[in-house]
Enquirer: 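Here it is, the structure in full.
Remember, it's 1-based here, ligands and their atoms both numbered in the order they're listed. Quick caveat, the model's predicted, so the values are computed rather than measured.
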Amino acid sequence: MIVARSRSELTTALESLRAGSGRLGFVPTMGYLHAGHLSLLDVARERSDVVAVSVFVNPLQFGTSEDLGSYPRDPDRDLALLEERGANLVFLPEVREMYPRGDQIVTVDPGPMGTRLCGAYRPVHFRGVLTVMTKLLSMLEPEVAIVGRKDFQQLVLIERMAADLDLKVEIVGAPIVREQDGLAMSSRNVYLSAEERQEAPALQRGLAAAVALYRTGERGARALLGALQQELAGRPLLRLQYAEVVDVGSLDEVDPVPPGSVIALAAFCGSTRLIDNATLE
Ligand code: AMP
């Protein structure tokens with residue numbers, strides 16, 4: 001496994017890896033890796049010959065009141081996990097390597113879909129995500145990039161960006177990996193106290209209740225969201241920020257709810273913000 005920390009090391013590494021030809025699969029991450037991240041490597045491996053992973057906590061996607069400073073980091077552990085899982089290349093840049101001019105003046109605007117769902121509460125987030133993704137795709141030029149469905153809005157926006165900007169990369173969504181009790185794996189789960197960790201799986205149970213109701217034939221968005229809210233009632237540690245049933249193309253709310261729509265939520269568990277979603281089908 002080659003570890004590149006600078007652009008020039010990345011270029012050299014890509015030249016040698018590309019020399020054997022074959023498809024490059026790319027997995028962007030912010031590190032502090034868990035089994036959800038590592039599952040993306042397996043999806044990349046199925047679709048490509050060489051797998052590259054980036055580990056970069058991108059300041060541009062954090063609001064001023066968010067957790068950039070405290071975001072969990074453990075690059076040595078990440079590298080060991082990536083080597084074990086068979087990554088061929090890890091790009092681990094410093095902030096100044098990604099943003100050498102300091103300010104990023106030209107950025108990628110996610111448009112109105114970036115103001116929906118999480119974007120309503122994190123106004124700079126998706127501009128930061130799409131901008132860093134564009135930079136990483138330009139640097140690595142992968143044939144395929146793997147993005148987790150856990151970050152549903154991010155996946156939809158990256159797919160739309162690739163289509164609208166004619167990027168020569170295939171974007172592939174990968175399934176959500178969960179803890180045994182249903183909680184979606186996230187680097188931020190480490191923030192949860194023991195008590196909060198006990199409450200957090202109710203989010204997934206609420207989504208599952210909505211999916212179960214949908215499968216009985218219920219098509220009303222309010223009823224489906226009601227099933228979710230019922231699961232969260234009486235759990236003071238969990239505070240829903242939003243829950244919506246949306247179309248996966250436009251992110252617009254749908255009611256009645258056609259098959260393939262997504263029920264998506266963000267909730268605070270104590271002071272930790274968690275997101276999750278499920279497809280209604
Ligand atoms: P992050 O490090 O949080 O930026 O995540 C990097 C990538 O891993 C993104 O594509 C996420 O959607 C994906 N990811 C994070 N958590 C999970 C999970 N529990 N299951 C599947 N993919 C995930």
Enquirer: Can you run down the salt bridge (charged side-chain N to carboxylate O under 4.0 Å, His left out) pairs that involve residues 211-220, sequence neighbours left out, and say none if there aren't any?
Expert: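 Every candidate salt bridge (charged side-chain N to carboxylate O under 4.0 Å, His left out) pair involving residues 211-220 fails, so no pair, neighbours aside, qualifies.
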
Enquirer: Would you kindly say whether Asp247 and Ser250 are connected by a side-chain donor-acceptor distance under 3.5 Å?
Expert: yes

Enquirer: Can you spot which of Leu165, Val108, Asp109, Leu60 makes a side chain to side chain contact (heavy atoms under 4.5 Å, CB included) with Leu130?
Expert: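 Exactly one candidate clears the test, Val108.
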
Enquirer: Considering the options Arg127, Met30, Arg122, which one meets the side chain to side chain contact (heavy atoms under 4.5 Å, CB included) requirement together with Gln61?
Expert: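 Result for side chain to side chain contact (heavy atoms under 4.5 Å, CB included) with Gln61: Met30.
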
Enquirer: Would you say the side chains of Gln241 and Arg273 form a donor-acceptor pair under 3.5 Å?
Expert: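 Yes, because at least one side-chain N or O of Gln241 sits under 3.5 Å from a partner of the opposite role on Arg273.
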
Enquirer: If the plane angle is over 60° it's perpendicular, under 30° parallel, otherwise tilted; pick one for Tyr71 and Phe62.
Expert: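 If you compare the ring of Tyr71 with that of Phe62, the planes turn out perpendicular.
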
Enquirer: Provide, line by line, the atom pairs where ligand 1 and the protein bring an N/O atom each to a distance under 3.5 Å; else say none.
Expert:
unit_1   : atom_1 : unit_2 : atom_2 : d
ligand 1 : 2 (O)  : Met30  : N      : 2.9
ligand 1 : 2 (O)  : His37  : NE2    : 2.9
ligand 1 : 5 (O)  : His37  : NE2    : 3.4
ligand 1 : 10 (O) : Gly148 : N      : 2.8
ligand 1 : 12 (O) : Gly148 : N      : 3.2
ligand 1 : 12 (O) : Gly148 : O      : 3.2
ligand 1 : 12 (O) : Asp151 : OD1    : 2.7
ligand 1 : 16 (N) : Met185 : O      : 3.4
ligand 1 : 19 (N) : Val177 : O      : 2.9
ligand 1 : 19 (N) : Met185 : N      : 3.4
ligand 1 : 19 (N) : Met185 : O      : 2.8
ligand 1 : 20 (N) : Val177 : N      : 2.9

